[in-house]
2 protein chains.
Amino acid sequence: MTAPRRESSSSAKGEQTRQLIVNTALRLFRERGYEATTMRTVAGEAGLSVGNAYYYYPSKQHLVQEYYDRAQELHDAAARPVLDRETDFEARLHGVLRARVDTMQADKHFAVGFFRFAADPQSPLSPFSPESAHARELSIALYAEAVRGAPGVKMPPELRDALPELLWLYQMGVVLYWVHDASPNSAKTYALVDQTVPLVVKLVGLARYRLLRGIIFDLLDLVRELRAPPS
Amino acid sequence: MTAPRRESSSSAKGEQTRQLIVNTALRLFRERGYEATTMRTVAGEAGLSVGNAYYYYPSKQHLVQEYYDRAQELHDAAARPVLDRETDFEARLHGVLRARVDTMQADKHFAVGFFRFAADPQSPLSPFSPESAHARELSIALYAEAVRGAPGVKMPPELRDALPELLWLYQMGVVLYWVHDASPNSAKTYALVDQTVPLVVKLVGLARYRLLRGIIFDLLDLVRELRAPPS
DNA sequence: CCAAATAGTTGAACGTGTTCAGACACAGGC
DNA sequence: GCCTGTGTCTGAACACGTTCAACTATTTGG
């Protein structure tokens, strides 16, 4: 968790330049969008040469990774009040998911621009990639906390163990919808969240009963089996 | 349906050149992959200038659209035997979905290369885009036929109406998994299909009963509401 | 304090998708 | 036989992300 995430240059000078570059880049992304922001512009605005920017970040996409990490921190912060206040599972899940959409929504105009990298399995920006492991684990941990802090909800232990990751997948689905959602202020995505959270909670509750128990367990087996090799 | 899908040039000469370009391009995609195939190479191999290729296809991505259409035709053909033979819903659905994976699998090495365009909501190659409407409708029609030809399966009429599109979305999910699936011969994707098809069929059957009926109807309302504006 | 190694920096150059001003071809009217 | 317009075609040029050989600054070891 506290392992060094930088592959080179822990010196003060290097770290400073590194921050300068990424801050300039993220500012320009916000101002002009991802496509319209040129590596030459980033370097120029930061008072550096293009080659120098590439000394710190091996590609334009890697600048986006930093954005992901910061977005995850914002999500954590935005979800905190709900997690500290509520004990009802539905309220907690709803709060965490809404917080996700809220934090993304602020940057929608440019975040959609590099979403396509996230969908590319080859890209380090894929949420399933090793490079994204840090942000992914933090995100799953948030859902684990949402489940843990709701003692009232009853479910089979197998489901309880797998639930955080399943909820993270559910979040990925919401994000996928959000990216395609052109409604004003992403109203449809909020509607999706508002209406699917009760359904998910209901399903979790129903998982104890015979009719669904079989299906749910089949699904859990499937997820275990189809996971990526590393885990 | 029979509306003209070409925006210009219905003359014999033009259509010929157009075909030459796309055939060359698809051959090179297959031989070298999408990235490694240059517009200069395509033009060169076809004996044309770069500018000429752009006269017929406004971008490299548009060449991929043609691939999509052909892949859909292959899927139709591959699913035909099962649809003509089987009357059991599960067998029909399984056959159609397996046929989809089979036809994609043949081109996996390069198809994954331009999948990221499909995930980009802005791209004409998105399965939800107007440009993809033709292939999308054909694909949904295939699932409609899978449902229609299985008289044995009982379900509420509202579900029956919505089911083809829901199954198409299910297929999109399978494709999404397939793209990320690095197992030999996409064995895991086949496992996913083999194990989720019975679950889906079971769920459809259960939709008549009180416990699930409410949830299913909520979901149907949601899908209706959250669809893209055009419909 | 010097030299050698390492860290940091530069800008020209490469290959890419795409654009564009102009050249060519061929039809139909006069 | 020309003129005019429209469809076809050309290759140089552009902007972009990225690479690289060369250079300078800084740190480290003796």
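Heavy-atom basis, side chains included; hydrogens, waters and symmetry copies ignored. Just so we're on the same page: letters track the sequence lines, and every chain starts at 1.
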Hey, are the side chains of A:Trp168 and A:Pro127 touching, using non-hydrogen atoms and a 4.5 Å cut-off? yes

For [X] and [N], give me the distance from atom [atom1] to atom [atom2], rounded to whole Å.
| X | N | atom1 | atom2 | answer |
| --- | --- | --- | --- | --- |
| A:Phe114 | D:dG17 | CZ | P | 15 Å |
| A:Glu35 | D:dA15 | CD | P | 17 Å |
| A:Tyr56 | C:dA7 | OH | C1' | 8 Å |
| B:Tyr57 | C:dG17 | OH | P | 17 Å |
| B:Leu63 | C:dT18 | CG | C1' | 13 Å |
| A:Leu48 | C:dG11 | CG | P | 11 Å |

At under 4.0 Å between heavy atoms, what does A:Thr37 touch on the DNA or RNA strands: base, sugar-phosphate, or nothing? sugar-phosphate

Does B:Tyr55 have a side-chain nitrogen or oxygen under 4.0 Å from the phosphate oxygens OP1 or OP2 of D:dC9? no

Can you see if the side chain of B:Thr38 gets near the phosphate of C:dG17 - specifically, an N or O under 4.0 Å from OP1 or OP2? yes

Which one of A:Leu20, A:Leu26, A:Val22 satisfies the side chain to side chain contact (heavy atoms under 4.5 Å, CB included) criterion with A:Thr24? A:Leu20

Under the 6.0 Å and 45° cation-pi test, does A:Lys108 pair with A:Trp178? yes

Would you find a donor on one side and an acceptor on the other, under 3.5 Å apart, between the side chain of B:Arg100 and the backbone of B:Gly95? no

Checking ring pair (Phe, Tyr, Trp, His ring centres under 6.0 Å) between B:Tyr67 and each of B:Phe114, B:Tyr57, B:Phe29, which is the one that passes? B:Phe114

Using the six-membered ring wherever Trp is involved, compare the ring planes of A:Phe117 and A:Tyr34 and label them parallel, tilted or perpendicular (cut-offs 30° and 60°). perpendicular

For nucleotides 18-28 of chain D, which of its nitrogen or oxygen atoms have a protein nitrogen or oxygen under 3.5 Å away, and what is each distance?
{"from": "D:dT18", "atom 1": "OP2", "to": "A:Tyr54", "atom 2": "OH", "distance (Å)": "2.7"}
{"from": "D:dT18", "atom 1": "OP2", "to": "A:Lys60", "atom 2": "N", "distance (Å)": "2.8"}
{"from": "D:dT18", "atom 1": "O5'", "to": "A:Tyr54", "atom 2": "OH", "distance (Å)": "3.4"}

